[in-house]
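Every chain is numbered from 1 and lettered A, B, ... according to where its sequence line falls, protein lines coming before strand lines. Here the structure is a predicted model, which is why all the values come from computation and not from measurement.
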Amino acid sequence: MAAGGVIRSSLRTIPIFLYWAFMSSLSSSSVAARDIVALEGATKRFPGIVANDSVDLSIRQGEVHVLLGENGAGKSTLIGMLSGLLQPDEGRILVDGKPTPITSPRHALALGIGTVFQHMMLVPTLTVAENLLLGGPWWQRPRTEELAARVAEITSTLGITVKLHAKVSELSLGEQQQVEILRAMVRNSRLLILDESTSMLTPKGIDELGALMRRLVEQGLAIVFITHKLKEAAAFGDRISVLKLGRKVGEIPPERFRALGEQAIISEIVELMFGKQKDDPEAVERPIRTVRAEAAPLLQVADLAVAPTDNAPGLSSISFDIRPGEILGIAGIDGNGQKQLAEALAGQRAATGGSVQLEGVAIEALSVGERRRRGLRYLTDDRLGEGTVGTFPVSINFFLKQVGAAPFWRKGVEQRAEIEKRAAQLVREYDVRTPSLKTPVARLSGGNIQKVLLARELAEGAKVVIFNKPTYGLDLANTLASRQRIRDTAARGLAVLLISTDLEELLSMCDRIAVIANGALVGTVKNADDARTKVGRLMIGLAA
Amino acid sequence: MSIDTAPTVSATALDATSGAATRRDILHRLLMTLGPILAALVIAGCILLAVGVDPLAYYGFVLEKGLFSPLGIQQTLTRMAPLLFLAAGLIVAFRAGMWNLGGDGQFLLGAVTAAASAPVFVQIMPSWLALTCSFLIAMVVAMIWSLVPALLRAYQGVNEIITTLMMTFLGTSLANVLVKLVFRDPGTTVPQTRTLPVEDRLPRLFDTTITSGLLLGLAAIVIVHLVMTRTAFGLKLRIVGANPRAAIHAGLGVPGLTIAVFAISAGLAGVAGAVDIIGVQGNVRADWNPAYGLAVIPAVFLARMNGFAAIGFVFLLSVLSIGGESAARRLGVPNHFTLVLVSIVLIMLALAEYFDHRYNQSRRA
Ligand SMILES: Nc1ncnc2c1ncn2[C@@H]1O[C@H](COP(=O)(O)OP(=O)(O)OP(=O)(O)O)[C@@H](O)[C@H]1O
Ligand SMILES: [Mg+2]
């Protein structure tokens, strides 16, 4: 069970180790009874890879069980087995102590296991309410009024607002994520699984979700919580399991967890995950870059407007400039027009007014492809919806935006060797974990798909890059690496627009941070010492 | 980076192990195709029994007339020519995610324009040029016919399944009207177009009755296959088909590609009509509608839109349709029984796929 890592690091703190051993021997009689769900030796293989290698996991009532691991470590696969999407090749799942094959997602729901998957699983053509009501008995009329009451109850405790009658396709990814969380909650699950559910929330939203999880486990639920943010793990967890290359390499049980401080937990996790000690790994200094103030702006946006739809905000008089070498951040709660802004700049969404100039040339009337040719890049946050073609091989997905361009195509004919060569290079450079270049990109883990997108947008020829949540879904090491790449991008003299819900990210990278609310920029602050408070004030509607 | 990450799994090492898996895959695919076809033959046999026809006699007859008799196989190969062009057109459309179900209307309009133009052209220019011109006209007319659904889909997002079906009804009627009113051969009493003299038609292959249109059809489908799998244009179409939002995001000109897809697909259907007229029939009779377009759809699906596999399935379809026509005359089984058979095959294949999926799931549970 508890692997070497725990023991080894426990030895450093012998008193705590003894305390822990004492506590666990005390409670061992009641252990079996409290396991809601347990995995025993669960193994899952995919072509060319062992995604889960004989993993034992016990999920208990009253506990938030945090699952950590690098990109591709096998976390989502484990969740897939618990939620009935995948069947283990070996090993078994115990529900309430009895071996129970979980045959389908419906079966999992019936057993009281509700899951928020890493990638959205809502039906885009239905409304939010219809999505929440899906899966009820077919002979009954959907109970809309009951639902509305229940939703109101949950959303008020969570501090989120959900537009019940909006079509899912109109919502931003962050809003969809909230709907998914809500959907798992309205089902009265005994076990709630959240796979990277905080990736699109603001710091405040994350804290609220943490408090809610605490209340839920106090009511006797069990929660499995996957995240790449170690601070969240330390703040919200009771027990931590760490996966590495499909194996469980360590576990921090609640007794030890409580005994350690946040920093101690984080450094222990880092050691388990990466095998190396590093104090707060996220605390990197923002290198002082010199933005040449006299340089002409690379990107100039003036009075950009986009018409609102029934359920999505439009944009009104958005204006900003970005100079070469500068990173402008856009902070705000997801769904406040970030998607509209990025799409309007990239040319995917029609603007109703205003101008966009790249190097002083108006581009607002150009097509998506033409803007790209002129050096505008857009890294979408919707990696499966529009960023990739899931069934196409990894290699082709690197070049989706360059189809027909030399040297990968010559006279319109695909040059396989060139494509494979360059793809292999990118895979190495960006540490994309894939069984092969031919693997359909949707088979990769979430973070590895994100690496494919990053590699694609950062390739040569860019002048202005719009990053929409560039590190969403990346593990710690890759997040840091990608942030460094983005800084390097700017240092090469590019203009960068960085849209993110993660304030830490913005503070660690940007020169200036603008706050977006309801489709308008409510203020812009220089990223100086007091930026955190100023941005925070802007975000809750106060003047900076 | 100060944090170590595990080395990337070596791509080449894993590729080697997947070789055996591919072979097993192919075997599995073969089984999953042949099994359901056999099952379908059994079920269709039961239907034949029910209507009082000996299934063994029927199948024997179909094979004999469609495959084993020298005349039969020649007819079968000749029949393949238009079917191959239609299949090529459908592959382009389906791979791009556009359901051009208007093949029959486009086919007939192509056939009628070829039938009307070829006899005129052969009198004023050399035969090869005349036939080429007829092909081109047939193609262009069919392309124009596809413009309405194409524009509606490209700029208004109107579902093309409905519009192409509507256009096919209109197209067949229009073709009929043209034969009866405009291009009617004054020299005969039956309403039909002027007949292209046999010596001006597409040459036959060697000493057989097989039309050289077969070679054109094979070339067309192979070219389409290569374009779809090996070129930038084909990849663009496949992106539009597999994820239209990704196509927009990648900056592809989706409306333009949509119109191109309809034009190519309809153009090939028009050429299919022309090849049947210029190669084999020589004229179009009023009310002639072989409905090849609908029959080819299942064949293209069974081939999973792969050009080479489609050649095989089109051959099978031709055997069934030539053999079925003879059997219809001899055994009194309706001509449309071929279509019944093909649909049973399709349903069995779908069922097999479903159960295979379920089995895989439960075996792992
Ligand atoms: N359906 C699938 N087919 C083939 N391989 C798969 C499939 N799903 C996952 N894998 C592989 O299994 C491994 C584990 O993937 P998984 O999604 O569980 O990782 P993860 O820990 O959730 O990573 P991330 O943090 O990036 O989301 C990856 O190497 C992935 O390529
Ligand atoms: Mg995952």
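Interface remark: of the candidates A232(B), A250(B), G253(B), A232(B) forms the most heavy-atom pairs closer than 4.5 Å to chain A. In terms of non-hydrogen atom pairs under 4.5 Å with chain B, the most contact-rich of G369(A), G412(A), G404(A) is G412(A). Across L400(A), T439(A), I93(A), T380(A), the residue that shares the most heavy-atom pairs under 4.5 angstrom with chain B is T380(A).
Within 6.0 Å of atom CZ in R422(A), more than 12 heavy atoms from other residues, nucleotides or ligands are found, so the atom counts as buried in its surroundings. The local environment of CZ in F308(B) is crowded, with over 12 non-hydrogen atoms from other residues, nucleotides or ligands closer than 6.0 Å. More than 12 heavy atoms of other residues, nucleotides or ligands lie within 6.0 Å of CZ in R485(A), so this atom counts as buried by the packing criterion.
Rounded to the nearest 0.5 Å, atoms OG1 (T231(B)) and CZ (R410(A)) are 16.0 Å apart. To the nearest 0.5 Å, atom CG of residue L226(B) and atom CD of residue E414(A) are 11.5 Å apart.
Of the two parts of R456(A), only the side chain, counted from C-beta on, holds a non-hydrogen atom closer than 4.5 Å to a non-hydrogen atom of chain B. Only the backbone of L384(A) comes within contact range of chain B, judged by heavy atoms closer than 4.5 Å. Interface remark: S367(A) contributes no atoms to any contact with chain B (heavy atom separation under 4.5 Å). At a 4.5 Å heavy-atom cutoff, S104(A) makes no contact with chain B through either its backbone or its side chain. If you measure heavy-atom distances from I396(A) to chain B, the contacts under 4.5 Å come from the side chain alone. R416(A) touches chain B through its side chain: at least one heavy atom from C-beta onward sits under 4.5 Å away, while N, CA, C and O do not.
Between Q348(A) and H249(B), the shortest heavy-atom contact is OE1-ND1, 2.8 Å. Taking all atoms of both residues into account, the shortest heavy-atom contact from T388(A) to N243(B) is O-ND2, 3.0 Å. L235(B) and F392(A) make their closest contact through CD1-CE2, 3.8 Å (heavy atoms, listed as atom of the first residue, atom of the second, distance).
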